[in-house]
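Structure first, then comments.
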There are 4 protein chains.
Amino acid sequence: MSRNTRQRQSAAVKVGRPRNPRIQQRILKAATDLVLEQGFRALSMDAIAERAGVGRMTIYRRWPNKAAVVMDAFFARMDPYALFRGGKTYMESIRLQLRAVAKAYRGKEGSLIRILLAEAQFDPELASAIREKWILPRRRVTIPYLEQGIRDGFLREDLDPNVAVDLLYGPIYLQLLMGTATLSDSYIDKIFQHAMRGFKKA
Amino acid sequence: MSRNTRQRQSAAVKVGRPRNPRIQQRILKAATDLVLEQGFRALSMDAIAERAGVGRMTIYRRWPNKAAVVMDAFFARMDPYALFRGGKTYMESIRLQLRAVAKAYRGKEGSLIRILLAEAQFDPELASAIREKWILPRRRVTIPYLEQGIRDGFLREDLDPNVAVDLLYGPIYLQLLMGTATLSDSYIDKIFQHAMRGFKKA
Amino acid sequence: MSRNTRQRQSAAVKVGRPRNPRIQQRILKAATDLVLEQGFRALSMDAIAERAGVGRMTIYRRWPNKAAVVMDAFFARMDPYALFRGGKTYMESIRLQLRAVAKAYRGKEGSLIRILLAEAQFDPELASAIREKWILPRRRVTIPYLEQGIRDGFLREDLDPNVAVDLLYGPIYLQLLMGTATLSDSYIDKIFQHAMRGFKKA
Amino acid sequence: MSRNTRQRQSAAVKVGRPRNPRIQQRILKAATDLVLEQGFRALSMDAIAERAGVGRMTIYRRWPNKAAVVMDAFFARMDPYALFRGGKTYMESIRLQLRAVAKAYRGKEGSLIRILLAEAQFDPELASAIREKWILPRRRVTIPYLEQGIRDGFLREDLDPNVAVDLLYGPIYLQLLMGTATLSDSYIDKIFQHAMRGFKKA
DNA sequence: CACTAAGCGAGACGGTACGTCCCGTCTTTCC
DNA sequence: GGAAAGACGGGACGTACCGTCTCGCTTAGTG
């Protein structure tokens, strides 16, 4: 599986007969554009179909509902960012991964994931899909870094990696959903720094 | 009963002529029950009205949409928890406040606030209402504690109180929305402890 | 009972305690004005009440529904025309009565009676009220004239007075409801003349 | 089957895409049944839709309001009666036409046209539709007969055909709306006879 | 003359129907 | 045989009135 995972199976799209991928793309683009231009409230299946110049059935043949469409639209965009690695050190990799996520969320992907997270509160299947396909993969990459850090004696022995990940990612999602701050790189760096050093004076 | 919430105006309810408060309560109870029993998707104005034994107009006279109803239902329940203080020290107060929020979110209030946060992604007015009336008040209490901690020499001088609050509350909302962990007291304590000490070995 | 029946009991108004007659008039005027200005579709109880500067209950205290209000508004205006007599001969009296009715129907009373006849199709009580209080009184005056005409040898022996009345009044109501002609005096005279002479060449 | 009603377009139904005619019939039948069973007041779009086993939108796609539905239901039933001809003489044809109308009005069609005439008092469009599509066609057939009768020297030279038609049809509508008599064949014959001979003794 | 009973405005209330919008399925027609 | 177009059953929306009710305020009539 290369870094950019070509031939990736779509996240939510129904399987079956091979379907015209051009149409798929038109639909995803239409959905994305509509969300960005008019917000999720204006995102009806009718609207997507009309914008994509497509029959409604053509959408339903591929996705079970509009959340699934948005989810695929999100993954189509997020793929390149997925599981980014590259820092010189473990902790640097974590920081860069945080930055990568934040950068994406600052852009169009932020609008999409916000919708997905919102919809997921009403749709357990969607919730589990997001968790399995988006949230957990990032954790699964991060946690071993932290464990390695502990083994290396760089991080505290009593660090709970799961809790640590929550501390790092929690603020990002808080900002994403509540908009109390911007997900700038410097904000991410502050989160990272504060988490590393702790609040208490040494 | 918190120190400063007497005579509190309902969060979202429209004002105007005096209205029968019993009916208000019946509506909020009906809405809460329906949400908890059947989820937000089953929560229609019709359903609330029928369950409450009330005409639909009676609801619309008070709230502009069903999210506002749920918001008031949430505030009616959360009032006692609001802005809890009581720790012996500043930091203890923060920890207890976190616990109080987590405790509420473990119960029915969690279902309500999840829905509200989700709806808020589609409804800027609701988003700002939640931010102003629920999220920010907690921050406004917490930040002075942190500032005092800095002045007292207990917390690092370069601590950014806003970032610190995000680190403390972010994980709670992450768990609330993603359900990757339970908001147990011990989880809260871990969050608090990790944030205080930092990840790095001293 | 004089010709113009002062102290007339209102047609449909509920009895009971004496009520302020000024208010009654304001309501009837408001109802009439609204019908004439905006048509019956705009005639809601709310609209009448608002226009009359009156509470809705004040109307319901007096009339059971808005048709009854319109009916009283009609009678208040039609009273002077009621059972007009005055021709030198019997047949002349009939003709003048037809003219009087037509004249009223050309004016505001036409709008009111049209509404009443229409509502009466859905409301048997109203139908019978109109029949008893408006239609039949006119017939009861006309038929003896016709019978006298037969006895006098002026009208055919085999004339059926009921059928004859229908022939005279039928066209008026047809025009009122279908608007295929205007209820001018000359139209009435033609009706009368045609009915008297018959279609067939002598 | 009348001479010139083939390919007749439905009276009020909206055009556009071809629609399922079975559904159309189900709707009209449901509407007719409901009117006859429970009266027009019980005739709501909801009730029609439910009775017909049809979504409300399906009705609105075809008719702008319930009066239009009833109008089409009326026309669907009245088509066979339309513009009946068949008497040996002109006057006989007129009489038979009157009888045909009266016969229809004695039955279910009477209930429908009563409702339509009533509604038409509140709905100018409906009024003009009834006038153009139902009332006037009958007049347009009758008047030439009368004119021919005049030319043939059978009817008076000073007969006004329009007035004459009013004399013949007026009583039918008077009875229909006021119910002061039954529209029996013998009543129709009396109307016809009285109109032909006139009231005055020869 | 004050008191009290009612009439009154205002409008909240439970309820029904409206006409619209969208969902997810189905059917028709074209390519 | 897939796709566009859109009709279809269904259900929620938010509005408009209905007819009833409950509030205070005004206003007569009565003791």
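Just so you know, these numbers come straight off a predicted model, no measurement behind them. Naming convention: chains lettered A, B, ... in sequence-line order (proteins, then strands); numbering from 1 in each chain.
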Note: contacts of residues 34-47 of chain D with DNA chain F (heavy atom, under 4.0 Å) are none
| message | Under 4.0 Å, heavy atoms only, any strand: does C:R26 hit a base, just the sugar-phosphate, or nothing? | response | sugar-phosphate
Atom CD1 of D:I23 and atom P of E:dT28 are separated, to the nearest Å, by 11 Å
So for C:R56 and F:dG19, does any side-chain atom that can act as donor or acceptor lie under 3.5 Å from a complementary atom in the base? yes
Contacts of C:M57 and B:G55 projected onto DNA chain E by closest heavy atom; the upstream (5') one is C:M57
In whole angstroms, the gap separating C1' of F:dG2 from CD1 of A:I27 amounts to 13 Å
Rounded to whole Å, CD1 of C:I48 lies from P of E:dG11 at a distance of 18 Å
In whole angstroms, the gap separating P of E:dA10 from CD1 of C:I59 amounts to 12 Å
note: A:E50, atom CD; F:dA4, atom P; distance rounded to Å ~ 13 Å
When the side chains of residues 27-36 of chain D are checked against the rest of the protein, which donor-acceptor pairs come out under 3.5 Å, sequence neighbours left out?
{"unit_1": "D:K29", "atom_1": "NZ", "unit_2": "D:D33", "atom_2": "OD1", "d": "3.4"}
{"unit_1": "D:K29", "atom_1": "NZ", "unit_2": "D:D33", "atom_2": "OD2", "d": "2.8"}
{"unit_1": "D:T32", "atom_1": "OG1", "unit_2": "D:L28", "atom_2": "O", "d": "2.7"}

Taking E:dG14, F:dT15, E:dG19 as options, the one with an atom nearest any side-chain atom of B:V54 is E:dG14
Here the distance between atom C1' of F:dA4 and atom CZ of A:R61, to the nearest Å, is 10 Å
With the side chain defined as heavy atoms from C-beta on, D:Y60 is closest, among E:dG9, E:dC23, E:dG19, to E:dG19
*Establish, with yes or no, whether the OP1 or OP2 oxygen of E:dC8 is under 4.0 angstrom from a side-chain nitrogen or oxygen of C:T58.*
no
**Request:** On the 0 to 90° scale, with breaks at 30° and 60°, tag the D:F122-C:F40 ring pair as parallel, tilted or perpendicular.
**Result:** parallel
Rounded to whole Å, NZ of D:K66 lies from P of E:dT16 at a distance of 15 Å
In whole angstroms, the gap separating C1' of E:dG14 from CZ of B:R22 amounts to 17 Å
By side-chain hydrogen bond (donor to acceptor under 3.5 Å, both in side chains), B:R56 pairs with (sequence neighbours left out) B:D46
